[in-house]
Amino acid sequence: MSDARELAARALKHFNEGTTDQAPSQMQIPVTAYTDEAQFQAERQAVFFESPIAVALSLEIPKPGDFLTQTIMRKTLLLTRDKEGALHCFLNVCRHRGTELVPLKDPGPTTGHFSRSIICPYHAWSFGLDGSLVGLPQQEKLYPGMDKSAWSLIEVAQLENYKGSIWATWDKDAPPFLSYLGGAKEHLDLTLDHRDGSPGGSEAFVGVHKWVVPCNWKLPSENFLGDTYHNISHRSVDLVGIGPSAAQGTKGRRDAELDDAQHVWISFPGGHGVHSAMKPADAEYHEAFQDNPIVADYYRHCYEERKRQLGDKSRLLPFVGTIFPNTSYHGGQPRALCVWHPHGPEETEIWRIFLVDANAPKEVKELLRRYYMRYSGPAGMTEQDDMENWNYATAGARGPIARRHPFNYQQS
Ligand code: FES
Ligand code: FE
């Protein structure tokens, strides 16, 4: 696979030649990258075709026969789980005349269950749950000698179920998912793994929060990978104080767990970027949740167990990051995957998938559920600040004068 960043830069250059007074450089991004349909079309091919895109959670289609449709980059995907339990991801189109196999509902995904096969509503070609063409009306008369194996559903080149998150790419030459992640894997793991340090072991709160905002998808993506100082825009919620615990002295919108940590920002080849934090070697456990002994005991236990399992590595804690191009995470609280699916240059569908330790006591889950709602999502008190800025930044990039002047991306 070509370096995704190189492709993105080439797309930017191609579609902005002649539209800005100043030549784009690494430190300047043409504002048309945030508004132009031509730029969006270039990104579809050069970025989203080649990169793994988060498409769902495996728990959304738990049983053989279950299916789910998702519309991503204006194309609808059909995810199935076959009889052996393997996951598949197809274009939701019939190979005969292209009819949608699962008619789309607006808005949002369609979930359901196929009893045996996928039957096209137009002429009833039927496909197995693994995408193979299994039945044709009047086959002997109308299609004598037809090689059905050549007419399976169009399937993505790679589908990875990584700790419950499903990633798809159309590029057959793309590297395996873990190679694509490279060093960012360690940081994504810190988000997906159990709080006691065990691999995996997380589950999503029921449902995926989805909503649409009038902004370019790159604004939220970059916000999570390298925007080091936009705290001022969260000033009001910090004054309110909505942290999850009842720890003494809690202030702001989170607990003070990272107050004594050294924060690090790391860029990885391929465009991933993370913001993590390293606790001092002599750090004490940050007591919290003191008004709820069950929750307090749970987190103290997780801290001790994580230290026992990971040793010195347990000092590294996640904060935020972005897996190129459009999947970000909140690694601490509120722990979540965030996916930014472009509808177009000025519209993005946001997904929030809230994570919690699957075997946590119900008291912990209930406390986190409430915290996640008041922090994130369309009605959360923090994410509203970010969305407002992304909306304004996209609107501000419009127009014949604005498009002549690039944004400043320099920062050491
Ligand atoms: Fe699907 Fe004809 S379009 S069977
Ligand atoms: Fe923010």
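Since we're looking at a predicted model, the values are computed, not measured. Numbering of ligands and ligand atoms starts at 1, following listing order.
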| field | Minimum-distance pair of heavy atoms, taken over all atoms of L57 and I166 | value |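 Minimum heavy-atom separation between L57 and I166: C-CD1, 3.8 Å.
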| task | Indicate whether any N or O donor in one side chain lies under 3.5 Å from an N or O acceptor in the other, for E257 and H286. | result |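 Checked: E257/H286 side chains show no N/O donor-acceptor pair below 3.5 Å.
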| Side-chain H-bond candidate by donor/acceptor type, D357 with Y298, under 3.5 Å |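 D357 vs Y298: donor-acceptor pair found between side chains.
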Under a 4.0 Å threshold between the charged nitrogen and the carboxylate oxygen, would [Y] count as salt-bridged to [X]?
| X | Y | value |
| --- | --- | --- |
| E37 | R74 | yes |
| D66 | R81 | no |
| K362 | E366 | no |
| E287 | R300 | yes |

| Quick one: salt bridge (charged side-chain N to carboxylate O under 4.0 Å, His left out) partners of K75, sequence neighbours excluded? |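 Expected list: none.
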| request: Could you grab the protein N, O or S atoms closer than 2.8 Å to the Fe ion (ligand 2) for me? | output: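 Checking every protein N, O and S atom gives H230 NE2, H234 NE2, D386 OD1, D386 OD2.
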Extract all donor-acceptor atom pairs below 3.5 Å that involve side chains of residues 119-131 and protein atoms in other chains or at least two apart in sequence.
unit_1	atom_1	unit_2	atom_2	d
H123	ND1	H96	ND1	3.0
S126	OG	G135	N	3.3
D130	OD1	S132	N	3.1
D130	OD1	S132	OG	2.8

| request: With atom 1 (Fe) of ligand 1 as the centre, enumerate protein N/O/S atoms below 2.8 Å in chain and residue order. | output: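 Near atom 1 (Fe) of ligand 1, below 2.8 Å, one finds C94 SG, C120 SG.
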